[in-house]
Amino acid sequence: MSSSLSLLHPQSNKGFKSKHSSKGALKAAAKGKVGGSSHSGKNTKNLTASSKKARLNANAQKRDLKRKHVVEDQKFFSTSSGGGQVPRIVSVVPLLPSLSPRTFLANLLPSLGIPESELEEISSTLQDRGTYLVRAPRFKTSVQINLLPPLSLYPTLDSALISDYVVLLLSSVDEVQLEGEAILRCLQGQVGGAEIVACVQAPASNPIKPDTRQLIHKSLLSFTKYFFPSVAKIHSSDTPNESAILARALCEAAPGGTKSDEGRAYIVAEGSSSSSGADSVRWTSNGLLGEDGEERGRLEVVGTVRGGALSADRLVHIAGKGDFQVEAILPAPPSSLALANKPHKQSTMSVDAASDPLSIPTENADDLTATNTPDLLANEQTWPTEEEMGGASGSVDGAPVAGSSTGEKKRTKRVPKGTSAYQAAWIFDDDEDDEDDDDDDDGEDDDEMDVSGDEGLGGVAEGYGREVYEDDEEEETEEIELDSRKDEAHRDLDPEQEEREYEAYLKEREKLHKEDAMFPDEIDTPRHIAARTRFQRYRGLKSFRTSPWDPYENLPVDYAKIFQFENFGATKKRIEREGVEEGVKAGTRVVLVLKDVPRSVMDQRDALLPFIVHGLLQHEHKQSVLHFVVQRNTEYTEPVKAKDPLILCVGPRRYVIRPLYSQHVRGGGKGVNNVHKSEKFLRPGAATVATTYGPICFGKSACLLLRDESADRVPSLVAMGSFLSSDPTRIISKRIILTGHPFKIHKKTATIRYMFFNREDIEYFKSVELHTKYGKVGHIKEPLGTHGYFKAHFDGPIQQMDTICMSLYKRQYPKWSEEFRPPPVVAIANGASKADEEEMDVE
């Protein structure tokens, strides 16, 4: 009997459980599976095998994708549709004035395999600054090397943005000072495709000894990894063997970042050398004058398209000069370096052969319109003229009479609900894709205005729309005051008095920063001004997170000048896709022809720095409200107040802005009502949204906030971050908290004083909710007497040590930005003679 039972019911032992898998891990692996227990040995074995197979398959796909990208990058630098080679761009950044980029390049050139005759010719023209395009026959490629001036921030950022390799030149004797660390911080914040290569240079009088070489390299590697963890080793070019290793690293590997995910193309004018022409940038006058009276002409730039596709319909940007239109994109003949590398093609390819343009502007080409022209009389009530009344009487049943002005067909435009001609111009997009998932007033002087009216019970909300009129009146008053003092001559203060006033300003700013950190948003109600007048532009909200707030309510005049997207996420996807697909493909050597370029672009050009032309995407010239997610630099300790002037660096463009700061919603969302609390100061340790007017940009463009505190020092890095969105409907709400003291308490009811000082103010703010610092919520019941005392009822017992608060909110708007033009480069490496300086100035 027992044997038959054993055959019918075979014994089932508990399956083997791996020592690396817990019960929770096994249960999580078996979620959604039907047909067995999560603790079944057979099921666990199948799950483990399937998850391992999926993991191996995913890793194999990642390896294949990476290998594909490496092959494409290598092809990018080996061939191009123009028949020549695409040079690798290497920027040498000396972090100390004592370093010599000329010595670095002179030691590196022999390792490239350049013939002796050509090597001597190039070596005789080397300087500590300059752009050199040389070929490397040993590696069958060409290299454009940019020798940058030491401790010069803006040329370094410009070159690093378009470089394939950035060589950080370090010293084996001297440590990097604060100026060099500031440049490293900015390079760290400007996320780009360039790979960082660290290189050490020893002075000729104190070469690196073999017994100290390892210690020096280890120390410099630790310092470099603090800023750039991807750096694997320290290179050198002082000896032939080390120089050969460095040359192989720069010429054989495939650098990352040769393709831009955002599709924004750029062209770098080919540098000057003995083997290539020096006329890669040419300007020709067209005999016309611009609006500023400056002569205009055609600018031709010879270079290779990089980063994305370049279209003649899109605008281009020259750093520090502005945006320009493209006249044509022409095919360029092979460079002399390409013909030298492939001599058998020199006889079959004509350098001067004319061919059809690769791209010309179409009817959809972008114009230079940056702002919308507002119709300030669109909402004005005017009396009809006799012609308008005659035209109205000449029509019967709505049918216009022939020849009358009413016979013209009206143009209708479908706009979102609540918009008007007074508000922002809309950029509509037909793409149906879903949206991407992706002022503090100084001393409150602007609020102290005596405007009568709207003093009823609903005045908190009704007085909100007066900001435009009051600001205009204030600006007019300021202009009158300035005009009255126009005849007074400016007198400089004594240096001692100037220093004392500056010290007093710094102490006052530090005091405000500490008070804001201890008592955020709390202010005292003035006794000499009625609160209903002082705070008439503020409103109360039952819930800051969910209470509705109309984003198109009483907008300022500046909002009539900007542009707005109907669906920013869908438009962003379409424009970035077109930037990669439409236009001249990356890797093509072209002649870019720009029209109406001022003569100053060539006159003020520094011939020793690379000349770069950046392509813009569609709509990137139009002005809108921009939001950037930034995080404060932990090493910058000075207080940063809202609306303080800062330098904003977004890609190749730079602007002087006075940003507003607001809280960043976790996940980057808008919240329920898209209302965000403003911040008086840029606080450390948390992500903050900086808002300003500026030209539209797409993608996750990295941004830097700089403060130029001294003309003879490197600008300080205040914060770094990335572009968030272009959304004029984002409401930045400034909060103020009026505080009062409980005078008498009876359980949940208390008599409050010192929040207001007259009976009318209590009636005006009676509908606003109260709260305490201990978490109680209440409302004003009735005023008591005439000195501002009132009775309030709360949802719990009140303590005598508690503080009664009332939160009021007002919408803030950003200020216009100004284009920043960096100062000319004057830094010259130590050791350069006076003759070398004069020769560099002449060039």
Side-chain angles (χ1 to χ4, degrees), residues 86-93 129-133 143-149 152-166 186-187 190 192-194 255 257-260 262-272 276 278-283 299-310 314-326 329 332 579 584 586-594 597-598 600-617 620 649-654 695 697 701-702 704 819-822 824-825:
V86 179
R88 299 164 182 255
I89 300 180
V90 179
S91 295
V92 181
V93 181
R129 288 175 53 197
T131 300
Y132 301 92
L133 180 61
V143 184
Q144 179 169 335
I145 302 177
N146 304 321
L147 302 183
L148 303 178
S152 183
L153 177 62
Y154 300 114
T156 300
L157 294 179
D158 289 336
S159 299
L161 192 64
I162 51 90
S163 298
D164 301 313
Y165 293 97
V166 175
C186 294
L187 287 176
Q190 181 180 280
T258 57
K259 292 186 177 181
S260 175
E262 302 168 7
R264 191 174 287 104
Y266 59 91
I267 290 180
V268 183
E270 295 178 350
S272 60
S276 64
D279 56 348
S280 58
V281 181
R282 296 189 298 270
W283 184 85
L299 182 68
E300 298 180 3
V301 181
V302 181
T304 304
V305 179
R306 301 168 182 265
L310 183 64
R314 307 281 84 89
L315 301 177
V316 297
H317 177 80
I318 301 177
K321 306 301 179 183
D323 300 339
F324 303 96
Q325 289 179 304
V326 178
I329 301 178
V584 182
T588 308
R589 190 168 182 268
V590 299
V591 178
L592 179 64
V593 183
L594 308 181
V597 179
S600 60
V601 173
M602 284 296 296
D603 294 341
Q604 300 175 3
R605 174 201 172 197
D606 192 339
L608 300 179
L609 295 176
F611 189 84
I612 309 166
V613 179
H614 296 268
L616 300 179
L617 300 179
E620 284 197 328
C649 302
V650 185
R653 300 195 281 192
R654 301 185 182 96
C697 60
S701 303
L704 303 175
E819 190 170 356
F820 174 74
R821 300 186 183 277
V825 179

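Residue L609 holds its CG atom at 8.5 Å from CG of N146, rounded to the nearest 0.5 Å. Atom CD1 of residue I89 and atom CG of residue L133 lie 9.5 Å apart, to the nearest 0.5 angstrom. The structure places CZ of R306 at 5.5 Å from CG of D164, a figure rounded to the nearest 0.5 Å. Between the NE2 atom in H614 and the CG atom in D323 there is a gap of 11.5 Å [rounded to 0.5 Å]. Taking CG from L161 and CD1 from I612, the interatomic distance works out to 7.5 Å, rounded to the nearest 0.5 Å. Put simply, SG on C697 and CZ on R264 are 7.0 Å apart, with the number rounded to the nearest 0.5 Å.
Under the 4.5 Å side-chain criterion, counting only non-hydrogen atoms from C-beta, L616 is in contact with R653. At a threshold of 4.5 Å between non-hydrogen side-chain atoms, the residues L148 and V92 do not count as touching. Counting heavy atoms from C-beta on, the side chains of L310 and V326 never come closer than 4.5 Å. Contact check for V268 versus T304: no side-chain heavy atoms found under the 4.5 Å cut-off. Residues E620 and H317 form no side-chain contact, since every pair of their non-hydrogen atoms from C-beta on lies 4.5 Å or further apart. When side chains are defined from C-beta on, L594 does not count as touching Q325, because their heavy atoms never get closer than 4.5 Å. Side-chain contact between L157 and L187 is present, with at least one heavy-atom pair separated by less than 4.5 Å.
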#### Entry: Check against side chain to side chain contact (heavy atoms under 4.5 Å, CB included), L299 and F324
CA-CA 10 Å; L299 182 68; F324 303 96; over 6 Å; no

### Task
Check the pair I267, V305 against side chain to side chain contact (heavy atoms under 4.5 Å, CB included), reporting the backbone distance first and the verdict last.
CA-CA 5 Å; I267 290 180; V305 179; 4.2 Å; yes

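Of all heavy-atom pairs spanning A265 and G308, the tightest one is CB-O, 3.4 Å. What you find for T588 and V584 is that their closest heavy atoms are CB-CG1, 3.7 Å. A pairwise comparison of heavy atoms in A332 and V591 identifies CB-CG2, 3.7 Å as the closest pair. The minimum heavy-atom distance between E819 and K321, with the atom names listed, is OE2-C, 4.0 Å. What you find for Q144 and P87 is that their closest heavy atoms are N-CB, 4.3 Å.
A side chain to side chain contact (heavy atoms under 4.5 Å, CB included) with S91 holds for exactly one of P155, S163, P610; it is S163.
A donor-acceptor pair under 3.5 Å is formed between the side chain of W283 and the backbone N or O of V597.
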